[in-house]
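Here is the structure we will look at.
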2 protein chains.
Amino acid sequence: MSRKRLQKSADAPATVRTVAALAGVSIASASRVLNGIGGSTETVRRVREAAARVGYVPNAIARSLQARRTGLLALAVADIGNPVYVEMMRAIEEVAKRADYQLLVHATGADPEGETALLEGLARRYVDGMILSPLRIGDGHLTALGRSPVPVTVVGQLPDDAPFDNVRADSHGGVLLAIEHLADTGRKRIAFVNGAPDTLPGAARMTAYRAALTAVGLPYEEELVEIGDFQYAQGRAAAARLLARARPDAIFCANDLIAAGALHELLAGGLRVPQDVALVGMDDTALAEMSFPQISSVSLGAAERGRLAADLMLSRLENPQLAPRRETVAPTLTVRASSEVTL
Amino acid sequence: MSRKRLQKSADAPATVRTVAALAGVSIASASRVLNGIGGSTETVRRVREAAARVGYVPNAIARSLQARRTGLLALAVADIGNPVYVEMMRAIEEVAKRADYQLLVHATGADPEGETALLEGLARRYVDGMILSPLRIGDGHLTALGRSPVPVTVVGQLPDDAPFDNVRADSHGGVLLAIEHLADTGRKRIAFVNGAPDTLPGAARMTAYRAALTAVGLPYEEELVEIGDFQYAQGRAAAARLLARARPDAIFCANDLIAAGALHELLAGGLRVPQDVALVGMDDTALAEMSFPQISSVSLGAAERGRLAADLMLSRLENPQLAPRRETVAPTLTVRASSEVTL
DNA sequence: ACACTCGCCGGAAACGTTTACAAGACCGGA
DNA sequence: TCCGGTCTTGTAAACGTTTCCGGCGAGTGT
């Protein structure tokens, strides 16, 4: 109406008022037409034309403010470089995109302070929900989770009574799959190269390893266990230490990066894989398939966990009243060349 | 003031009005205190206390609307699974985080329609800028780039006269580095396994390969060239086709995924690497280091390109008037076991 | 005692949208 | 002709912030 409005510098982005003024209708009518609700044929025509003429595009922020919904989901993982998180992220992205949500990624560096800070930050409501995959979970996490005004889905082992949507891997079952497979093919001295034992996955895989040995009737031997972190370099170094002092006939690694490192050490040491030493990794990432020989690996269903986490999130966004749910995905073993021989 | 205000259901998130009312000051004063601008000691105390009491956290959306700035950067790449993009993303995330920007990732699947749609979507102003790494660039891209109300930095080969911030890899120099190295170590029949030749990188690497051969005085032989896409599986298949019909003494691959595939085929065929066939990959991702033998690879500086792109973006956000800039990052060759022998 | 500056404060506008509400136009049926 | 209903429209409030601006009180210098 007022000339002031119309005088705005020409290249300032068009708003709904611009369109309304140009079409000679109220902003309410303009908004309605643009959202496809009602309007007489004539009004629709005028508004559409005006919108097209000025190239009107509604401002997402203003819309979010009014709708109290951003259309964004946050994903927080320790390291976006780790292939297992990449896989998870890919799956989540896919699901989210289909529901018209977009993904905000945070790399936490496994820093618990940072993670709780992130959770506290949710109060700012810059996203509609968060999928968090922490390596460790402290009390800080739990209270922050409780305080969060937006839903959070945790991928990882949450305490059993924690009232949050939770997607878990079955570490125990997965490790058992690997150890059984190795025992079945005649291996007697099955070593284990773990990642950081003070992380949730590290701790779980360690106890699972001992339990699995017992299950298949093999003794636990201190010297057959080495630890590094979950990265390639340290995994490889750990494998080197292991091989320097012991002579396993199989090595089970807590993830594929470690397995790739172990493979390197084995081959460099002139050992044949799988004839001399069988090798099984974990996570079944692309890396397992791209190594030579290809590495057998237990999948904990990273992609599937991602999908599930996203699904849980979406359904909760639709209906916030839902009771907390817990999903566990079943592990699967893919046998490849690195363990294909029976002794 | 009005009871209506104060009667809001208790667990509705506190707003600045809640705080102001509780502290007995105007919302203007409350806002000022919360932003650390002025206020008498008494007012500051009262507002701080009120804010703490109700656990006030400012709403990011409302703030964005008012500030006309979201604090978000979008990153659009073809495939967030490709390690080279992962590396780039990591670098960008790092830089962005330091400047208090957060990353929104889009996986475009190399779909040009999708990419232009994304660019058009920028008019919604849901992010402050976008870093785009397209595999192909069409007119659609250029006009969409021109229309974008927020800055876009393109990682990849843009036409020379396109007035946008642009970070480029030096494909030519990189390929030359590889071919020279192979020629220097006595290789005469240097094969090339390319990715999709209708992409920017594919086309560039192809012409660079021919030019490099000429530069080192070797003939170009049709039968020594194979193409797949930039993924592992097709790269490997392409390498298999190549080896079925020709006997190169070296293979240069257009990226590390292809190189890993070629390595697989070579070893499976009983050929020794590097004694029989030397192998050089491109992008120098973690994969090159994790293979056995480790694969020599030419880095086109993905991380560095990411960093640069982010820097360009940040500086432009600070000062939108800047003239368009173009950065090119220098390639480097890392020689590893796969090409370490001189014939 | 007066003018002036300065700091603090609150009212109100602004960012750009959607939507509740009420009023007006129009139509068909009694 | 009048009445009840439907459809359309515009005014204004709301989402939650920040900020412009004018007013007011206290302090200072003359």
Review point. Which whole-number value in Å describes the distance from A/Leu34 CG to C/dT19 P?
Key: 13 Å
Point to revise | Under 3.5 Å donor-acceptor, A/Thr108 side chain and A/Gly114 backbone | key: no
Review point. How long is the gap from CG on A/Asn82 to CE on A/Met89, to the nearest 0.5 Å?
Key: 11.5 Å
Point to revise | A/Val155 side chain reached by A/Ile131 side chain, heavy atoms, under 4.5 Å | key: yes
Check your understanding: Of all of residues 59-74 of chain B, which get a heavy atom below 4.0 angstrom from DNA chain C, listed by number?
Key -> B/Leu65, B/Gln66, B/Arg68
Which atoms of nucleotides 24-26 of chain C (N or O only) lie under 3.5 Å from a protein N or O atom, and what are those distances?
none

Point to revise | Worked check of side-chain hydrogen bond (donor to acceptor under 3.5 Å, both in side chains) between A/Arg326 and A/Asn166 | key: CA-CA 5 Å; A/Arg326 177 186 324 294; A/Asn166 184 205; 3.0 Å; yes
For nucleotides 4-9 of chain C, which of its nitrogen or oxygen atoms have a protein nitrogen or oxygen under 3.5 Å away, and what is each distance?
unit_1: C/dC9; atom_1: OP1; unit_2: B/Ser40; atom_2: OG; d: 2.9
unit_1: C/dC9; atom_1: OP1; unit_2: B/Thr43; atom_2: OG1; d: 2.1
unit_1: C/dC9; atom_1: OP2; unit_2: B/Ser40; atom_2: N; d: 3.1

Review point. C/dT17 phosphate, OP1 or OP2: any side-chain N/O from A/Ser31 under 4.0 angstrom?
Key: no
Exercise for review: Give a yes or no on whether a salt bridge exists between B/Glu87 and B/Arg90, defined as a side-chain N under 4.0 angstrom from a carboxylate O.
Suggested key: no
Review point. What integer distance in Å separates A/Arg46:CZ from D/dG10:C1'?
Key: 14 Å
**Study point:** Gap between atoms CD1 and C1', on A/Ile27 and C/dT18 respectively (whole Å)
**Key:** 9 Å
**Study point:** Given DNA chain D, 5'-ward residue of the pair A/Val44 and B/Val16, judged by closest heavy atom
**Key:** A/Val44
**Study point:** Nearest heavy atoms of A/Pro134 and A/Val154, plus distance in Å
**Key:** CD-CG1, 4.0 Å
Study note, to complete from the structure: Comparing nearest nucleotides in DNA chain C, the 5'-proximal residue of the pair B/Ala30, A/Ile37 is B/Ala30
Check your understanding: Would you say A/Tyr126 reaches D/dG16's phosphate, i.e. side-chain N/O to OP1/OP2 under 4.0 Å?
Key -> no
Exercise for review: Please identify each residue that fulfils side chain to side chain donor-acceptor pair (under 3.5 Å) with B/Ser40, with sequence neighbours left out.
Suggested key: B/Thr43
**Study point:** side chain to side chain contact (heavy atoms under 4.5 Å, CB included) partners for B/Glu94, two or more places apart
**Key:** B/Arg98
Review point. Which residue pairs pass the salt bridge (Lys or Arg N to Asp or Glu O under 4.0 Å) test with at least one member in residues 39-54 of chain A, sequence neighbours excluded?
Key: A/Glu42-A/Arg45, A/Glu42-A/Arg46, A/Arg45-A/Glu49
**Study point:** Salt bridge present between B/Arg168 and B/Asp160 (N-O < 4.0 angstrom)
**Key:** yes
Check your understanding: Taking the side chain from A/Ser148 and the backbone from A/Ala144, do they hold a donor-acceptor pair closer than 3.5 Å?
Key -> no
